[in-house]
Amino acid sequence: MKKGKFIVISGPSGVGKGTICNQLLKELNAWYSVSMTTRSMREGEVEGVNYYFVTKEEFKKRIEDGKLLEYNIYNDNYYGTPKDKVLEKLEEGINVFSEIDVNGAKNVKKIFPDALLIYIAPPSIEELKERLISRGTEDLETIENRLKIAADELKQAHFYDYVVVNDNLQDAILKIKNIINEEII
Ligand code: 5GP
């Protein structure tokens with residue numbers, strides 16, 4: 001039986017990744033891998049839907065037990081992909097869709113060389129800053145840190161199979177849908 005494809009979507013926070021991924025989930029035939037994190041829950045987020053929220057101790061235990069496919073530390077917090085369910089779905093021929101950072105994407109590519117990596121880029125770092133400030137979910141220091149990470153990530157975006165600039169949400173969604181449909185058939 002044909003195995004499922006691992007689809008990675010990356011991009012800095014504030015780029016519109018969440019909205020894009022929600023829309024893709026409704027329209028794509030794929031299973032979404034909910035990540036595990038030690039960061040605190042943002043307003044509106046739901047346990048088991050956006051993330052599995054755990055303590056650093058719990059996260060480290062998962063690492064020791066080999067329960068994570070990949071993990072990374074981002075802005076002082078751990079983020080990782082729970083392993084068992086992902087492997088099960090891929091074996092069943094189901095495409096798996098995941099939202100992870102650049103380091104995670106690199107690790108996924110090592111494990112699944114035919115994974116499809118898509119990077120969503122902001123029109124500019126200035127525009128990203130505006131979006132993060134107007135979202136209002138983080139303080140200025142966190143925003144500045146995230147912008148530094150974003151600038152660094154952007155330099156590595158060439159590593160991805162595709163880079164889609166989100167200057168218009170609906171256009172970006174359509175582009176990503178077309179890429180996935182073309183790559184999966
Ligand atoms: P946020 O705190 O904005 O939800 O996520 C911060 C960063 O962590 C984003 O770049 C996001 O894609 C990344 N991330 C989320 N889940 C995972 C994961 O399971 N593994 C890795 N490596 N990064 C993740």
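Counting convention: from 1, in listed order, for ligands and their atoms alike.
- Defined by atom type and a distance below 3.5 Å, a donor-acceptor pair is present between the side-chain atoms of Arg135 and Thr137.
- When heavy-atom distances to ligand 1 are checked against a 4.0 Å cut-off, Lys106 has no atom that comes that close, whether in backbone or side chain.
- Shortest non-hydrogen contact noted between Asn29 and Asn95 is O-ND2, 3.6 Å.
- Thr81 pairs with exactly one of Ile100, Leu68, Asn72 by the side-chain contact (heavy atoms from CB on, under 4.5 Å) rule, that one being Ile100.
- Nearest protein heavy-atom neighbour of atom 13 (C) of ligand 1: Asp101 N, 3.7 Å.
- Applying the salt bridge (Lys or Arg N to Asp or Glu O under 4.0 Å) rule to Lys89 yields no partners; only residues at least two apart in sequence or on another chain are considered.
- Not a single heavy atom of Ser10 sits closer than 4.0 Å to an atom of ligand 1.
- The environment of CZ in Phe6 is crowded: more than 12 heavy-atom neighbours from other residues, nucleotides or ligands sit within 6.0 Å.
- Each of the atoms 19 (O) of ligand 1 lies under 4.0 Å from some heavy atom of Thr81.
- Applying the salt bridge (Lys or Arg N to Asp or Glu O under 4.0 Å) rule to Glu92 yields no partners; only residues at least two apart in sequence or on another chain are considered.
- The closest protein non-hydrogen atom to atom 20 (N) of ligand 1 is Glu70 OE2, 2.7 Å.
- Within ligand 1, counting atoms from 1 as listed, the ones closer than 4.0 Å to a heavy atom of Arg146 are 1 (P), 2 (O), 3 (O), 6 (C).
- Among protein heavy atoms, the minimum distance from atom 9 (C) of ligand 1 is reached at Lys17 NZ, 3.5 Å.
- Residue Tyr71 has no nitrogen or oxygen atom sitting less than 3.5 Å from a nitrogen or oxygen atom of ligand 1, judged on distance alone.
- Here the straight-line distance linking atom OH of Tyr119 with atom CD of Glu153 works out to 4.5 Å at 0.5 Å rounding.
- Remark: minimum distance from atom 18 (C) of ligand 1 to any protein heavy atom is reached at Ile100 CG2, 3.2 Å.
- Considering only non-hydrogen protein atoms, atom 19 (O) of ligand 1 sits nearest to Ser35 OG, 2.7 Å.
- Side-chain contact check for Glu58 and Thr55: at least one donor-acceptor pair (N or O, by modelled atom type) lies under 3.5 Å.
- Contact atoms of ligand 1 toward Asn72: 22 (N) (distance under 4.0 Å to a heavy atom of the residue).
- Scanning Tyr78, Tyr51, Tyr52, Tyr74 for the heavy atom closest to atom 15 (C) of ligand 1 points to Tyr51.
- Neither the backbone nor the side chain of Met36 comes within contact range of ligand 1; no heavy atom lies under 4.0 Å.
- Of the charged side-chain nitrogens involved, none lies within less than 4.0 Å of a carboxylate oxygen, so that Lys83 and Asp65 do not count as a salt-bridged pair.
- Close approach of ligand 1 to Gly104 (heavy-atom distance below 4.0 Å) involves ligand atoms 22 (N).
- Neither side chain, Thr19 nor Asn22, offers a donor N or O lying under 3.5 Å from an acceptor on the other.
- For ligand 1, the atoms closer than 4.0 angstrom to any heavy atom of Arg39 are 1 (P), 2 (O), 4 (O).
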